[in-house]
Amino acid sequence: MMGGARDMSLVELDGGRLTAVGVRLSTNQVDVRVWHAADRPAHVKADSAQEVGQWVRDELRKAEVPLGRVVLVIPRNDVVLKPLMFPAPADGPLRESDLGGMVRLQMSRQLTVTTEDTPIDFVPLRSAGTGVEVLAGALPAERRAWWDQMAGAAGMGVRRIALRCLGVGAILGDLSDRRDGTILGVAVGAHATDLVLVERGGVAMARAIDLARPDGEGGFEAFAERISVEARRTLGSFRAGRASSGVEGVFVMGEGELCHRVARLCGAALDSPGQSVGPGVLVRVPSAMPEAMRSDCAALLGLALETVQGRVSLDFANPRRAPDTRARLRQAALGGVLGLIVLCGAGYVWADRELGSMRSTLGVLRTREAGLRRESEKLARESARVAHAERWKDARADWLSHIAHVTGTMPEPGPAVLDDLSARAKGDGVYALEEKKSFPSGKWSSRVDVTIDLDGTISGRQVGADLRETLLSRGGYTVETPTADVPERFRLVLRTRSATAPATGGKDGAP
């Protein structure tokens, strides 16, 4: 039961079909406010949670379906659903603290993957002297992750993850309470049909048949016959090993010719009366809602009815947790820790005072260290400037050796005459760091760039070419010709980074 009115949206993805209904819940009443249905477009990938979620978001916003409080209805085939029976222990009734662990252990045997991140929930069906029967469900972790990602992309505030078959159980719960046996509920969906067996007010078993609803009346009869066959199989599986058999009624959720035919054929197949039913007197549906939409939303509205009635049901977004049997032990341990803290309080206060004094001394030393570091850095910069100036000053050229070397390469007077010789030097200091070290771990050296210009007359082009070749062959200089060759003159530019001329021999290699 609930005290005040509030809004809720129920959103179902049945294959490629989106069905959504917005309701307002109040005390003993469910009012339908808005509804919407749409088929997934071909360009939206069915296995992409991001794309499906964005499509769902756009559809719900277009239909003005609220996204704040959402019950997400997932396919029955996504969930492992099992009725479990636990015998009562010899020392007394089965404790609830033990039931949660027993359910999880039993369900872990039904799954082929680890249950560490798998939501497992259960609902007690009945208790007797012989034990407790529950309906347990497990949503595999990878599917839970997919639905979470889809809901996040859609911007939905998911409050519960439920199954459509649970809504059928809520609608037929009161009817089953008034009967001694089992009743069968059928919820026809766009891509799947749920077959739900209800006993003593709760879902005892549920199956989903992947069978698309026919588009026209021409396929109604074949569809209804197929569902009646599956209904017999469902009942046979449920009654295996049980003393009783048969059902006391078949109830198909929704309205229209298709629901009537399914109810008639299923009832005939199970030798029981069949009829179609709506969500009940506690649910108010506007007359403007189409007949097909009423059938699609009937089971969803049963989930809203669960909230109004305060029924305990499966919820894979908030699965029930077993009571914490070790809580008292932890409380005792925490009490001991608290006593230890109080006992050590005096020592802590004394240590804190000593620590404060040490921190004060450390602050003074850090201030002094910072001042000394600034002085050291200043001295290092001054030292670098002085060393740079000294190396720059030392970057001089031995002009006598350069001129002697150049004039020694000139041919005998006659074929070539040197009219002009000019030279210049550019010096600088160079600093090189030692490998894998930083300043000031390095060495200073001097570097000088010497340029010598030669200009004169020659008796022919060959004389100029021979002179250039001689300068190159003796080494030590690069030789450039800044102007085009002419028969009467030559101009050469010699460059080197050596302060002195290269050491070469005299004529015929003599020193």
Side-chain angles (χ1 to χ4, degrees), residues 7-26 28-39 59-60 63-66 71 73 75-76 162-175 183-196 198 208-209 211-217 219-220 223-224 227 249-267 274-309:
D7 292 334
M8 173 186 291
S9 299
L10 300 107
V11 179
E12 179 189 26
L13 276 176
D14 179 10
R17 181 75 169 179
L18 167 67
T19 304
V21 57
V23 299
R24 173 157 294 177
L25 307 181
S26 58
N28 293 330
Q29 191 72 53
V30 177
D31 291 304
V32 177
R33 314 282 290 190
V34 64
W35 57 89
H36 183 65
D39 291 316
E59 290 291 333
L60 296 184
E64 298 182 355
V65 177
V71 175
V73 185
R76 163 65 181 85
L163 298 172
R164 180 170 52 181
C165 61
L166 304 176
V168 177
I171 294 173
L172 301 181
D174 290 341
L175 288 174
I183 61 175
L184 173 66
V186 181
V188 178
H191 295 276
T193 297
D194 287 335
L195 300 175
V196 186
V198 183
I209 310 302
L211 184 63
R213 182 173 53 199
D215 296 331
E217 289 192 22
F220 283 3
F223 179 86
I227 297 301
V250 177
F251 300 90
V252 180
M253 305 294 104
E255 302 174 9
E257 180 61 25
L258 177 62
C259 295
H260 294 328
R261 291 197 188 187
V262 172
R264 177 172 54 82
L265 291 183
C266 287
Q275 66 181 88
S276 59
V277 296
V281 295
L282 299 183
V283 180
R284 292 195 297 190
V285 180
S287 58
M289 178 180 281
E291 180 181 280
M293 195 67 191
R294 290 170 182 261
S295 299
D296 287 345
C297 293
L300 302 186
L301 295 174
L303 294 173
L305 190 61
E306 278 189 328
T307 304
V308 170
Q309 295 174 339

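Under 4.0 Å is where a charged nitrogen must lie from a carboxylate oxygen, and between Asp194 and Arg76 no such pair does.
A pairwise comparison of heavy atoms in Val168 and Gly185 identifies CG1-CA, 3.9 Å as the closest pair. When all heavy atoms of Val23 and Ala304 are compared, the closest pair comes out as CG2-CB, 4.2 Å. Ile171 and Gly278 get closest at one heavy-atom pair: CG2-O, 3.6 Å. Across all non-hydrogen atoms, the minimal contact from Val285 to Pro279 is CG2-CG, 4.3 Å. In plain terms, the two heavy atoms of Leu265 and Ala224 that are nearest each other are CD1-CB, 3.4 Å. In plain terms, the two heavy atoms of Gly254 and Ala298 that are nearest each other are N-CB, 4.1 Å.
Asp14 places a side-chain N or O within 3.5 Å of a backbone atom of His191 that can act as its donor or acceptor partner. For the pair Gln29 (side chain) and Leu282 (backbone), a donor-acceptor distance under 3.5 Å is present.
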Exercise for the section: Any chance you could lay out the side-chain contact (heavy atoms from CB on, under 4.5 Å) test for Met253 and Val186, step after step, and finish with the verdict? Expected result: CA-CA 6 Å; Met253 305 294 104; Val186 181; over 6 Å; no
Handout entry: Verdict with supporting geometry, Ile227 and Leu195, side-chain contact (heavy atoms from CB on, under 4.5 Å)
Key = CA-CA 9 Å; Ile227 297 301; Leu195 300 175; 4.1 Å; yes
Exercise for the section: Mind running side-chain contact (heavy atoms from CB on, under 4.5 Å) on Phe223 and Val188 for me, showing each step along the way? Expected result: CA-CA 10 Å; Phe223 179 86; Val188 178; 3.8 Å; yes
Practice task
Start with the C-alpha gap between Leu301 and Val21, add the side-chain angles, then the distance that decides, and say whether side-chain contact (heavy atoms from CB on, under 4.5 Å) holds.
Solution key: CA-CA 8 Å; Leu301 295 174; Val21 57; 4.1 Å; yes
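Applying the side-chain contact (heavy atoms from CB on, under 4.5 Å) test to Glu217 and every residue at least two apart in sequence or in another chain returns Phe220, Arg261. In this structure Asp174 satisfies the side-chain contact (heavy atoms from CB on, under 4.5 Å) test together with Asp177, Arg178, Gln309, sequence neighbours excluded. Taking the side chain to side chain donor-acceptor pair (under 3.5 Å) definition, one finds that Thr193 meets it with nothing, sequence neighbours left out. Legend: residues meeting side-chain contact (heavy atoms from CB on, under 4.5 Å) with Ala63, ordered by chain and number and at least two apart, are His36, Val65. Applying the side-chain contact (heavy atoms from CB on, under 4.5 Å) rule to Arg33 yields the partners Arg24; only residues at least two apart in sequence or on another chain are considered.
The structure places CG of Leu305 at 9.5 Å from CG of Leu25, a figure rounded to the nearest 0.5 Å. Note that the CG atom of Leu163 and the CG atom of Leu303 stand 8.5 Å from one another [nearest 0.5 Å].
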Side-chain polar contacts of residues 290-297 - donor-acceptor pairs under 3.5 angstrom, sequence neighbours left out - could you list them?
{"unit_1": "Arg294", "atom_1": "NE", "unit_2": "Met289", "atom_2": "O", "d": "3.1"}
{"unit_1": "Arg294", "atom_1": "NH2", "unit_2": "Pro286", "atom_2": "O", "d": "2.9"}
{"unit_1": "Ser295", "atom_1": "OG", "unit_2": "Glu255", "atom_2": "N", "d": "3.0"}
{"unit_1": "Ser295", "atom_1": "OG", "unit_2": "Glu255", "atom_2": "O", "d": "2.9"}
{"unit_1": "Asp296", "atom_1": "OD1", "unit_2": "Arg213", "atom_2": "NH1", "d": "2.6"}
{"unit_1": "Asp296", "atom_1": "OD1", "unit_2": "Arg213", "atom_2": "NH2", "d": "3.3"}
{"unit_1": "Asp296", "atom_1": "OD2", "unit_2": "Arg213", "atom_2": "NH2", "d": "3.4"}

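Between Val252 and Cys266 the shortest side-chain heavy-atom distance does not fall below 4.5 Å. Using a 4.5 Å heavy-atom threshold, the side chains of Arg284 and Val30 count as separate.
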